Each structure stands twice: as C-alpha cells, then as structure tokens.
Amino acid sequence: MEFPCTGCGGCCRLLGGILKSPETQENYVMRLAAETFPYKTDSSGACEKLVDGKCSVYEDRPLLCNVKELGAAMRVNETQWFKANALACNRIIDLLNLDPSYKITDF
C-alpha cells in the first residue's frame with residue numbers, strides 16, 4: 001500500500017515547524033530523520049525543494065518526507081500510521097487554505 005499523497009505541498013511549506021516540533025523531537029527515528037534532513041528551509045519554514053507548489057525531489061525524497069518508509073522505520077502499524085498522517089495532511093490543507101480537492105478521503 002502507498003500513502004495517498006495528493007501533492008498539495010502543505011508539508012513542504014511547513015517543514016521548518018515540522019523539523020522542530022515536539023512530536024518530531026520526542027521520537028528517536030523522527031528526530032534522526034530531522035537531524036539528517038539534507039535540505040534547507042527559508043525564513044517562512046518552506047523547504048528549498050518546494051518549486052511551484054510541488055516537491056521537486058518527490059521521487060527521491062528524504063526519510064522524513066516519506067510517510068511509508070518513516071512508518072516502517074518506526075515499526076508502527078501502517079494502516080493506523082497512514083490514517084494519522086492523512087488527518088494531519090487534511091489539517092494542514094485547512095490551515096493553509098489550500099484547495100479542498102487536495103484533501104485525502106481514502107481513510
């Protein structure tokens with residue numbers, strides 16, 4: 001199963017906050033993924049690889065950005081992990097006032 005990313009770019013826009021969030025810092029695997037994240041963020045917290053509202057390295061994205069691989073590294077239940085991330089994605093879409101058609105409805 002693959003995570004049903006809709007390509008809204010919301011997580012890329014908020015990356016600076018994600019890198020420093022308590023949830024990221026409290027989990028060893030997520031903290032390691034954040035510490036080894038290879039790209040910079042701009043003053044607004046957006047990833048430098050966000051180009052025209054899309055991830056320009058999506059096919060070769062780092063662990064922190066790969067929902068499936070990050071969940072596997074943390075050894076969590078994939079279905080529950082995908083559901084939690086789908087809900088987080090939808091909250092980001094609302095927060096950033098992105099087109100609602102980007103919302104994940106598969107979960």
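Residues take their numbers from the sequence shown, with the count starting at 1. The structure presented is a predicted model; accordingly, all values stated were derived computationally and were not measured.
Between Ile93 and Cys8, the shortest heavy-atom distance links the atoms CG1-SG, 3.8 Å. The minimum heavy-atom distance linking Val29 with Asn27 is given by the pair N-OD1, 3.0 Å. Nearest heavy atom pair, residue Phe37 against residue Cys65, reads CE1-SG, 3.5 Å. When all heavy atoms of Arg31 and Gln25 are compared, the closest pair comes out as NH1-O, 2.9 Å. In terms of heavy atoms, Leu70 sits closest to Leu64 at CD2-O, 4.0 Å. Contact between Glu78 and Lys68 at its shortest, heavy atoms only, is OE2-NZ, 3.0 Å.
Judged by distance alone, the side chain of Asn66 and the main-chain N or O of Arg61 form no donor-acceptor pair under 3.5 Å.
With rounding to the nearest 0.5 Å, the separation of NZ in Lys49 from SG in Cys55 is 9.0 Å. How far CG of Asn90 is from NZ of Lys103: 5.5 Å, rounded to the nearest 0.5 Å. To the nearest 0.5 Å, atoms OG (Ser21) and CD (Glu26) are separated by 8.5 Å. Atom CD1 of Ile92 and atom CG of Asn85 lie 9.0 Å apart (nearest 0.5 Å).
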CA sep, side-chain torsions, deciding dist, call: Arg13, Leu98, side chain to side chain contact (heavy atoms under 4.5 Å, CB included): CA-CA 11 Å; Arg13 288 177 177 94; Leu98 299 177; 4.0 Å; yes
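With sequence neighbours left out, the salt bridge (charged side-chain N to carboxylate O under 4.0 Å, His left out) criterion links Lys20 to no other residue. Looking at residues two or more places apart in sequence or on another chain, you find no side-chain contact (heavy atoms from CB on, under 4.5 Å) involving Asp60. With sequence neighbours excluded, the residues forming a side-chain contact (heavy atoms from CB on, under 4.5 Å) with Lys40 are Glu48, listed by chain and number. Residues satisfying the side-chain contact (heavy atoms from CB on, under 4.5 Å) criterion with Leu95, sequence neighbours excluded, are Leu14. By the side-chain contact (heavy atoms from CB on, under 4.5 Å) test, Gln80 pairs with Asn77, sequence neighbours left out.
Listed by first then second residue, pairs satisfying ring pair (Phe, Tyr, Trp, His ring centres under 6.0 Å) with a partner in residues 46-95 read Phe3-Phe82, not counting sequence neighbours.
Hydrophobic cluster membership is shared by Leu63 and Val57, with clusters built from Ile, Leu, Val, Met, Phe, Trp and Tyr side chains linked at under 4.5 angstrom. Cluster annotation: Ile18 and Leu50 are assigned to distinct hydrophobic clusters (Ile/Leu/Val/Met/Phe/Trp/Tyr, side-chain heavy-atom contacts under 4.5 Å, transitive). A single hydrophobic cluster is not seen to contain both Leu87 and Met1; linkage of ILVMFWY side chains at heavy-atom distances under 4.5 Å, directly or through other members, places them apart.
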